[in-house]
Colleague: 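Let me begin by handing over the structure; questions about it come next.
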Amino acid sequence: MIQTTTRRYAKTNMAWEALSRPDAVGRQAHTLLLMANGRRSEQELSLLLGSDVSELAYGLMEKGFLQNTAALTQPDADDDALAGA
């Protein structure tokens with residue numbers, strides 16, 4: 001069985017402070033910070049924002065606004081069936 005790491009991001013204290021000042025990080029970054037809750041995957045966040053957020057999320061993580069709460073996941077049995085396993 002293949003295991004994959006799903007990147008999930010959660011706000012840091014610094015991000016919570018930045019949310020009260022949207023101009024401090026820019027509109028798209030502010031929106032990403034609002035939506036990052038530790039449960040949404042990077043892919044889900046990208047779908048919600050309408051564009052790939054990988055670089056933006058990584059940049060916000062490097063600056064201390066987000067933390068990676070990666071979860072080790074195993075594909076469901078349905079995923080194995082779809083993959084022809």
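Fair warning: this is a prediction, and the values are worked out from it, not measured in the lab.
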Colleague: Which atom names give the shortest non-hydrogen contact between Met14 and Lys63, and what distance separates them?
Modeller: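 In terms of heavy atoms, the two residues are closest at CE-O, 3.1 Å.
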Colleague: Would you give the length of the straight line joining atom CG of Leu56 to atom CE of Met61, rounded to the nearest 0.5 angstrom?
Modeller: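 Reported value, rounded in 0.5 Å steps: 12.0 Å.
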Colleague: Going by side-chain heavy atoms closer than 4.5 Å, which hydrophobic residues are tied to Leu47, directly or by a chain of links?
Modeller: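 Members other than Leu47 - counting any ILVMFWY side chain reachable under 4.5 Å - there are none.
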Colleague: Val25 and Ala18: which non-hydrogen atoms are nearest, and at how many Å?
Modeller: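 Distance-wise, the nearest heavy atoms are CG1-CB, 4.2 Å.
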Colleague: Specify the closest pair of heavy atoms between Leu45 and Ala36, including all atoms of both residues, with the distance to one decimal.
Modeller: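 Where Leu45 meets Ala36 most closely, the heavy atoms are CD2-N, 4.1 Å.
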Colleague: Can you list every side chain to side chain donor-acceptor pair (under 3.5 Å) pair that touches residues 31-46, not counting sequence neighbours?
Modeller: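 The answer is Arg7-Glu42, Tyr9-Glu42, Ser41-Glu44, Glu42-Ser54.
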Colleague: Is the backbone of Ala10 close enough, under 3.5 Å, to the side chain of Thr69 for a donor and an acceptor to pair up by distance?
Modeller: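 Such a contact is absent between Thr69 side chain and Ala10 backbone.
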Colleague: Could you check Leu60 against Leu33 for side chain to side chain contact (heavy atoms under 4.5 Å, CB included), going step by step and ending with a plain yes or no?
Modeller: CA-CA 9 Å; Leu60 289 170; Leu33 291 177; 4.1 Å; yes
Colleague: Looking only at heavy atoms, what is the nearest atom pair of Asn68 and Arg8, with distance?
Modeller: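 So the minimum-distance heavy-atom pair works out to OD1-O, 3.2 Å.
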Colleague: Under the salt bridge (Lys or Arg N to Asp or Glu O under 4.0 Å) rule, what pairs show up with a residue in residues 18-33, not counting sequence neighbours?
Modeller: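 Checked against salt bridge (Lys or Arg N to Asp or Glu O under 4.0 Å) - neighbours excluded - no pair reaches residues 18-33.
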